[in-house]
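The structure appears right after this line, and notes come after that.
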Amino acid sequence: MNTLIRAARPWGQALSDVTIVAGEAGGKITGVEPHDPDRAVPAGVTVVEGRGRLLLPSFSDVHVHLDSTRIGLPFREHTGGPGVWTMMMNDRQNWRNAEVPLQDRVNDTLGRMIARGTTRVRSYAQVDVDCRLERFDAVAAAKEKFAGQAAVDIIAFPQAGLLLEEGTVELMEEALKAGANVMGGIDPCTLDRDPARHLDIVFGLAEKYQVPIDIHLHEPGELGVFSTDLVLERTRSLGMQGKVTMSHAYQLGSVNEATTRRLIDAFAELDVSLASVAPSAAGQLPIPLLTEAGVRLGLGEDGQRDYWSPYGNTDMLDRTWQLAFTHGFRKDELIEHCLAIATIGGASILDPSATRLKDTAHRPGVEVGDPADLLLVDGETVASTVMDRGKDRTVIHAGRVVADQLELV
């Protein structure tokens, strides 16, 4: 199926007519030409009216917890306490008691994400002795339900650690056998308090099932650097270059300038990527330095108004604004770069062979040969669209329109 996107502005540039083709292996952009209002439309070609809107790559949410969502439910008073274990126990005590079944919540949240422009997703699915594979199964079912509208990867995620509750490791392996395609880890020092054993399990299962790794790192300062060095050591010795992502890791830039530089260089050398949720924390690794070094950096929404946090609204454009705001960016180039991170940056985490951002001015993803995963959205410029969070959106996945002109609220 061929489609003509008529009168759109790729990355806010001149009006263009863009042709795309859908296919079983995924759609592609086949032509980008200056807009011609008199252009003849061949028979059988579907027309999508750009109406002067921006044409961007669609969003890639590479850090979302679909399995804990409360999006669409009545607002609930936050009852969590400090620390990962306390927050996890708050979730454990409440997640089954929501107003609607888990499967409905996961489906609704993923559907809202797609409608707002996200067509590439990496979601956590908590696996522990309490929920076993129940939460994984819910995310897997949503992945199948929306297979024609978004590509979803699932992380088998040991939110309660790997070593604290007997039987967790066996359940993690069951999830990998059942189709989880990323192996998760979390806070090797502060949660499991045995970093070597924790990481040996994470890397061992990843190697056994030939899947990449995503490690949640909330650990502060020098302790976080210590855990990261252990991850880097294993990445190098096991030949896992390009297959490891550090998520959160929001204090790795807090020790000193030399440590910051060393870590960035090591991430670049070993092709270790970073996933951010745009926290307000001080001490983060600087985005421009990461990009200049060639480190893949993506963005995600984390929890969606769940038992961990009241934040999240399924809109990656809103989270892009947050990334720019929390880093104090004012220049258009850097604000636009945040949008590039939220789209192409995340796509390069999901597929290391995909286009990577070269510098803070690089705006790929809407050229001939690029995947036809696209977003049309209203706005004067790219930066203004981030500031205003435009709501007139048309979403394209694999060359087909999957959401159009949703009334966003």
Side-chain angles (χ1 to χ4, degrees), residues 59 61-116 118 121-143 145-146 150 152-161 175 180 182 184 186-187 191 214 216-218 247-248 250 275-281 299-319 322-323 326 409:
F59 289 112
D61 188 327
V62 295
H63 186 120
V64 64
H65 295 264
L66 282 172
D67 65 320
S68 65
T69 178
R70 281 186 54 85
I71 287 290
L73 302 186
F75 197 85
R76 179 183 183 278
E77 180 182 1
H78 180 62
T79 54
V84 170
W85 183 262
T86 303
M87 293 287 281
M88 185 279 298
M89 290 302 295
N90 178 64
D91 175 88
R92 182 177 285 187
Q93 292 162 9
N94 289 289
W95 72 273
R96 286 190 177 90
N97 302 323
E99 294 84 344
V100 300
L102 175 63
Q103 190 64 67
D104 293 345
R105 306 198 311 265
V106 176
N107 289 350
D108 179 66
T109 297
L110 181 55
R112 290 178 187 234
M113 291 170 62
I114 294 166
R116 286 156 175 78
T118 297
V121 179
R122 179 182 271 188
S123 175
Y124 297 89
Q126 185 166 325
V127 176
D128 61 29
V129 298
D130 170 67
C131 65
R132 302 183 69 82
L133 265 62
E134 187 175 348
R135 293 166 75 143
F136 166 80
D137 288 340
V139 178
K143 172 182 178 175
K145 176 180 175 65
F146 290 96
V152 179
D153 286 350
I154 306 176
I155 304 168
F157 182 48
Q159 181 73 79
V182 183
I186 181 170
D187 295 337
L191 189 57
D214 183 291
H216 258 55
L217 190 71
H218 309 97
S247 280
H248 293 306
Y250 41 67
S276 173
V277 298
S280 60
L299 183 65
E301 285 206 83
D302 206 10
Q304 300 286 287
R305 194 168 289 187
D306 55 17
Y307 300 101
W308 290 71
S309 163
Y311 297 96
N313 61 2
T314 73
D315 191 350
M316 280 286 287
L317 188 53
D318 195 66
R319 190 56 59 112
Q322 184 173 317
L323 183 65
T326 55
V409 294

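- Here CG of Leu191 is found 11.0 Å from NE2 of His216. Values are rounded to the nearest 0.5 Å.
- Between Ile154 and Val182, every side-chain heavy-atom pair lies at or beyond the 4.5 Å cut-off.
- Nearest heavy atom pair, residue Pro74 against residue Arg70, reads O-NH2, 2.9 Å.
- A donor-acceptor pair under 3.5 Å links the side-chain atoms of Gln304 to the main chain of Thr314, judged by distance alone.
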Notebook entry, point to check: So Tyr124 and His63, side chain to side chain donor-acceptor pair (under 3.5 Å) or not? Walk me through it.
Noted result: CA-CA 7 Å; Tyr124 297 89; His63 186 120; 3.0 Å; yes
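- A salt bridge links Arg112 with Asp108: the closest approach of a Lys/Arg side-chain nitrogen to an acidic carboxylate oxygen falls below 4.0 angstrom.
- Pairing each heavy atom of Val106 with each of Ala142, the nearest pair is CG1-CB, 3.6 Å.
- A salt bridge links Asp214 and Arg122; the closest N-O separation between the charged side-chain nitrogens and carboxylate oxygens is under 4.0 Å.
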Next item on the list: Decide yes or no on side chain to side chain contact (heavy atoms under 4.5 Å, CB included) for Asp187 and Val84, but give the supporting numbers first.
Entry: CA-CA 9 Å; Asp187 295 337; Val84 170; 3.7 Å; yes
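- Between Asp91 and Arg96, none of the side-chain N atoms (NZ, or NE/NH1/NH2) sits under 4.0 Å from a carboxylate O, so this pair counts as no salt bridge.
- Side-chain contact check for Asp153 versus Val121: every heavy-atom pair is 4.5 Å or farther apart.
- Put simply, CE on Met89 and OG1 on Thr86 are 9.0 Å apart, with the number rounded to the nearest 0.5 Å.
- A salt bridge is defined here as a Lys NZ or Arg NE, NH1 or NH2 lying under 4.0 Å from an Asp or Glu carboxylate O, and Asp128 with Arg92 meets this definition.
- Closest non-hydrogen pair, Ile186 versus Pro158, comes out as CG2-O, 3.1 Å.
- For the pair Trp95 and Leu102, the minimum side-chain heavy-atom distance is below 4.5 Å.
- A pairwise comparison of heavy atoms in Thr326 and Pro279 identifies CB-O, 3.4 Å as the closest pair.
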Next item on the list: Decide side chain to side chain contact (heavy atoms under 4.5 Å, CB included) for His78 and Trp308; before the verdict, give the C-alpha distance in whole Å, the side-chain angles of both, and the deciding distance to 0.1 Å.
Entry: CA-CA 8 Å; His78 180 62; Trp308 290 71; 5.7 Å; no
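- In this structure, the separation between CG on Asp67 and CG on Asp137 is 11.5 Å, given to the nearest 0.5 Å.
- Using a distance-only test at 3.5 Å, with no hydrogens or angles considered, a donor-acceptor pair links the side chain of Asp306 to the main chain of Ser309.
- Under a 4.0 Å N-O distance rule, the pair Arg105/Glu99 does not qualify as a salt bridge.
- Under the 4.5 Å side-chain criterion, counting only non-hydrogen atoms from C-beta, Leu133 is in contact with Val127.
- A distance of 7.5 Å separates CD in Gln159 from CE in Met88, rounded to the nearest 0.5 Å.
- Distance alone, capped at 3.5 Å, is enough to place a donor-acceptor pair between the Gln322 side chain and the Ala278 backbone.
- Side-chain contact between Arg305 and Thr69 is absent, with no heavy atoms from C-beta onward closer than 4.5 Å.
- Counting heavy atoms from C-beta on, the side chains of Leu110 and Asn107 never come closer than 4.5 Å.
- With rounding to the nearest 0.5 angstrom, the CG atom of Asn94 is 12.0 Å from the OG atom of Ser68.
- Considering only heavy atoms from C-beta on, Val100 comes within 4.5 Å of Leu73 through its side chain.
- Each of Glu301, Met316, Arg116 was scored for a side-chain contact (heavy atoms from CB on, under 4.5 Å) with Phe59, with one residue passing: Met316.
- Note that CG of Asp302 is 6.5 Å distant from CZ of Arg319, once rounded to the nearest 0.5 Å.
- In this structure a side-chain-to-backbone donor-acceptor pair under 3.5 Å is present from Ser123 to Leu66.
- The two residues Tyr307 and Met87 come nearest to each other via the heavy atoms O-CE, 4.5 Å.
- The minimum heavy-atom distance linking Thr79 with Asn90 is given by the pair OG1-OD1, 2.6 Å.
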